[in-house]
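Report on one structure; see the data block that follows.
We're numbering straight along the sequence, starting at 1.
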Amino acid sequence: MSLFSLLFPLAVRRALAALTLPLALAACSSSDDDPPEPPPAADEAEPPLAEPPAEPPVEPAPLPHVDAQPGDLLEVPIGSLRPTQAAIGYDQVYYKLGRWQPDMARPTWAADPASHLNYLNRTLGKKFDDFCEDTGQGERAQPFQTLDEALAARLDVPGSFACRDAPGTDADALKTVVVGPGGELYLTDGHHTFSSLYEVPDGGPQLKVWVKVDANYSDAASEAEFWQRMITQGKTWLRDGGNNPITPAELPTRVGMQHPDRPGGMAEDPYRSLVYFTRGIGYDNGGLPEFAEFYWADYLRGQTAAGHLQPMSAYAMQAPHPVADILAQSTLNSSLAPRGSDTSYPALIRDAALRMAALGDADAVSAGLTAAQLGRIALAPGAPNPSPTKSARDELEDIARNDVNSSGNPRGAGKLWFAVNYRHCGAPATGTCWGW
């Protein structure tokens, strides 16, 4: 054994070989004329690579409506409209959904095509009448002429129906929007209308509607400034479904009802529904201030809290009460004495209307607004016919009636009848709890 082997164990010899091999290879590849370059001095070492400059944040492109001016008409999908109130009356929407979706094969008039077509024009046809009216196009160009025409008509198929006028012809009938930062559109009128169109099967977020620009606040320096202007101008209702204060950040992100699988919808305010059904009984809704129905809802809540109006839980309004009990008739005689059921939904409407009528013209309702400013109907005992009192009594009597008259022909049913049946049964269909 060699002296080298004795002095250096095997592991050390392998390490020394690994260190000397690259030097030997470098010597073999170099010529005498081109010696290898020495390693750079410490102060000549290459600097480390610099970090690339940070990309500037990409600002979202403004929406195409950022320059829209007051009075401009815009055609937009319903899903692009941002609510300016948190809650709606669900029963008001249920009324529309119940009336707009008839039983297309209803057996009531199976042997009478003329009556069946009349029924479809009163129900399904109402959907297209409302759509045309609310988008400034008057009403339908004509009623359905055949059952096949009625079956083929859909909101999301524009060629399947026609409105009488061009879009925006009746600009005063259009729902209104405010243009916000970035061109976002904030709905200031029509939350119930567009929620109904959002919920109906041939509607939804992609359905296009016409709206009118009421104001453009897109130049606001911040979200806070934008909302302050909205509040100052009375263009938002910052209360939840229980009339509790909220912030703008708590507003829903879309119209339509709340669904477990569809986030962002609007909450339910049952007093807002109640006020809708007192329309024509406790108040007239023509030419009223913005959010008039919410002011009346605030008043009726206060009447309940003070014990002048029974709480809603004292009335049969929803399941598990049978539909017949919920819709049991409640009316007022010529002396304004209540008659009929005292526990049904119509009874609540009757009692609420009487509390509204008990106000004087100058009495405050809410937020400093008076009963006269909010359209109160002054019910008077013994009022002649015709009179506002007689019209109000007739409206109350008809609000829960069904859609078949005594001769078995179709008629216009009461709003509450549609709302209650839809809430309990869904869309009208033979064999469901609509009772056909």
Side-chain angles (χ1 to χ4, degrees), residues 89-92 94-95 98-99 270-285 293 296-297 299-301 303-304 306-359 376-425 433-436:
Y90 277 20
D91 283 343
Q92 181 174 341
Y94 286 142
Y95 153 61
R99 183 165 184 179
Y271 277 92
R272 178 61 180 77
S273 292
L274 173 60
V275 171
Y276 174 69
F277 292 123
T278 63
R279 184 180 295 180
I281 305 170
Y283 77 105
D284 284 322
N285 70 319
E293 291 88 353
W296 277 120
Y299 170 75
L300 293 175
R301 274 192 179 87
Q303 291 294 291
T304 300
H308 302 310
L309 181 65
Q310 291 192 87
M312 286 187 168
S313 58
Y315 299 89
M317 297 178 64
Q318 299 182 22
H321 299 285
V323 170
D325 291 349
I326 297 171
L327 293 174
Q329 192 176 57
S330 298
T331 59
L332 294 167
N333 65 17
S334 59
S335 299
L336 301 186
R339 60 184 182 183
S341 172
D342 290 324
T343 58
S344 64
Y345 205 152
L348 172 59
I349 295 167
R350 178 197 67 196
D351 295 347
L354 287 174
R355 294 310 308 169
M356 297 160 82
L359 291 166
R376 177 193 68 111
I377 295 174
L379 302 179
N385 186 17
S387 67
T389 298
K390 181 61 168 63
S391 297
R393 290 174 54 224
D394 290 345
E395 181 76 17
L396 177 62
E397 188 170 339
D398 291 343
I399 199 166
R401 73 178 184 180
N402 63 25
D403 65 349
V404 181
N405 66 19
S406 58
S407 300
N409 297 316
R411 67 177 178 186
K415 294 176 180 178
L416 189 65
W417 184 82
F418 280 113
V420 168
N421 275 289
Y422 189 91
R423 182 186 276 272
H424 282 251
C425 311
C433 61
W434 285 74
W436 301 330

Practice problem: Measure from the side-chain N and O atoms of R376 to the backbone N and O of A357, and report whether any donor-acceptor pair falls under 3.5 Å. | Solution: yes
Practice problem: Under the side chain to side chain contact (heavy atoms under 4.5 Å, CB included) rule, collect the residues that match up with P338, sequence neighbours excluded. | Solution: L332, R350, L354
Quiz item: After noting the C-alpha distance and the side-chain angles of D394 and K390, does the key distance pass the salt bridge (charged side-chain N to carboxylate O under 4.0 Å, His left out) rule?
Solution: CA-CA 6 Å; D394 290 345; K390 181 61 168 63; 2.8 Å; yes
Quiz item: What heavy-atom pair brings I281 and I349 nearest, and what distance separates the two atoms?
Solution: CD1-CG2, 4.0 Å
Practice problem: Tell me yes or no: between the side chains of Y271 and T304, is some donor less than 3.5 Å from an acceptor? | Solution: yes
Quiz item: For P388, does its backbone N or O pair with a side-chain atom of S391 as donor and acceptor, under 3.5 Å?
Solution: no
Quiz prompt | Contact summary for S341 and S344, nearest pair of heavy atoms | solution = OG-N, 3.2 Å
Quiz prompt | Nearest atoms (heavy-atom pairs only) where Q92 meets R272 | solution = OE1-NH1, 3.1 Å
Just distance, no hydrogens or angles: give the donor-acceptor pairs under 3.5 Å from side chains in residues 407-416, sequence neighbours left out.
| from | atom 1 | to | atom 2 | distance (Å) |
| --- | --- | --- | --- | --- |
| R411 | NE | N402 | O | 2.9 |
| R411 | NH2 | N402 | O | 3.4 |
| R411 | NH2 | N402 | OD1 | 3.0 |

Quiz prompt | Any side-chain heavy-atom pair of T343 and H321 under 4.5 Å | solution = no
Exercise. Quick one: closest heavy-atom pair of L300 and M356, and the distance?
Key: CD2-CG, 4.1 Å
Quiz item: Between A378 and T389, which heavy-atom pair has the shortest distance, and what is it?
Solution: O-OG1, 3.7 Å
Quiz item: Atom CG of L348 and atom OG of S273: how far apart are they, to the nearest 0.5 Å?
Solution: 10.5 Å
Quiz prompt | Contacts of W434 that satisfy ring pair (Phe, Tyr, Trp, His ring centres under 6.0 Å) - sequence neighbours left out | solution = W417, W436
Exercise. Output yes when a side-chain donor or acceptor of Y345 lies under 3.5 Å from a complementary backbone atom of A400, and no otherwise.
Key: no
Quiz item: From M317 CE over to D91 CG, what is the distance, rounded to the nearest 0.5 angstrom?
Solution: 6.5 Å
Quiz item: Do V275 and Y283 pass the side chain to side chain contact (heavy atoms under 4.5 Å, CB included) test, and can you show the C-alpha distance, the side-chain angles, and the key distance before you say yes or no?
Solution: CA-CA 9 Å; V275 171; Y283 77 105; 3.8 Å; yes
Quiz item: Going from CZ on R423 to OH on Y90, what distance comes out if it is rounded to the nearest 0.5 angstrom?
Solution: 9.0 Å
Quiz prompt | Reported CH2-to-OG1 distance for the pair W296 and T278, which is rounded to 0.5 angstrom | solution = 8.0 Å
Practice problem: For E397 and Q329, work out which heavy atoms get closest and say how close. | Solution: O-NE2, 3.1 Å
